[in-house]
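Read the numbers this way: they start at 1 and go in the same order the structure lists the ligands and their atoms.
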Amino acid sequence: MKRRHLAMTLSKLKGFPEPKPELEQYRTPGNVAAELLWLAHSLGDVEGKTMADLGAGTGVLSVGACLLGARKVYAVEIDETALETARENAASLGIDCIEFINADVSEFSGRVDTVIMNPPFGSQVKHADRSFLLKAFEVSDVVYSIHLAKPEVRRFVESFASENGFRVTHRSTLSFEIPAQFPFHRKRLERIAVDVYRFVRCRHGEAEAE
Ligand code: SAH
């Protein structure tokens with residue numbers, strides 16, 4: 001599958017039927033999901049791997065990972081309505097390698113090869129992304145995540161990763177489109193800048209050396 005085809009396929013999936021602002025339910029746009037997944041795929045972090053998608057929402061990242069050859073994806077999502085949409089999206093493409101888990105991300109246990117996630121950015125609940133990063137760093141040695149491209153967010157993300165024994169190996173900045181979906185949205189389409197990160201666990205002694 002080509003990258004452009006992946007982005008297009010993912011952008012056609014169903015969105016949140018009733019987006020909930022307090023959970024920051026913004027579907028991951030096709031271009032952003034494809035960037036994250038393509039990077040992961042090119043670095044050997046998808047094919048044949050066991051993965052977790054934390055805050056899976058409508059399943060965009062989980063579905064994309066399966067299309068690129070993941071062996072199994074745990075899609076963890078607190079909102080059952082969103083998870084129902086994720087199930088429909090997977091079924092519409094005949095994908096059956098996703099295990100849907102209706103739970104808070106903090107409750108997920110197990111080990112995976114790779115975590116992929118588009119966590120809440122923390123605009124409604126401050127530091128909502130912290131529990132996602134913490135869980136990701138607990139269950140995997142390789143983590144892909146999306147955060148706001150702002151200096152203070154970068155500082156937080158990078159220092160939090162380092163405190164948890166991880167380092168940033170890749171970061172790319174992209175435009176993320178949010179169509180108006182909540183009453184507090186003034187514009188028809190909001191464009192924000194986001195960073196797609198790849199983190200890997202430092203080998204023993206590496207963190208101190210840096
Ligand atoms: N990647 C998804 C959703 C991103 S939005 C997509 O593209 O559709 C972030 C998601 O995290 C939302 O679906 C929200 O319901 C979920 N979420 C927020 N807090 C959560 C928590 N504590 N545990 C699990 N999921 C959570």
Could you give the N/O to N/O pairs under 3.5 Å linking ligand 1 and the protein, each with its distance?
unit_1	atom_1	unit_2	atom_2	d
ligand 1	1 (N)	T28	OG1	3.0
ligand 1	7 (O)	T28	N	2.6
ligand 1	7 (O)	T28	OG1	2.6
ligand 1	8 (O)	T58	N	2.9
ligand 1	8 (O)	T58	OG1	2.6
ligand 1	13 (O)	E77	OE1	2.7
ligand 1	13 (O)	E77	OE2	3.4
ligand 1	15 (O)	Q25	NE2	2.9
ligand 1	15 (O)	E77	OE2	2.6
ligand 1	22 (N)	D104	OD1	3.4
ligand 1	22 (N)	D104	OD2	3.3
ligand 1	23 (N)	V105	N	3.0
ligand 1	25 (N)	I78	N	3.3

> Would you call E152 and R155 a salt bridge, using N to O less than 4.0 angstrom?
Replying inline: no
>> Once rounded to the nearest 0.5 Å, what's the spacing between atom CZ of F121 and atom CD1 of I178?
In response: 6.5 Å
> Roughly how far, to the nearest 0.5 Å, is the CZ atom of R154 from the OH atom of Y197?
Replying inline: 6.0 Å
>> Donor-acceptor pair, distance only, cut-off 3.5 Å: does the side chain of D141 make one with the backbone of R201?
In response: no
> Is there a donor-acceptor pair closer than 3.5 Å between any side-chain N or O of Q25 and the backbone N or O of K20?
Replying inline: yes
> What residues form a ring pair (Phe, Tyr, Trp, His ring centres under 6.0 Å) with F166, not counting sequence neighbours?
Replying inline: F137
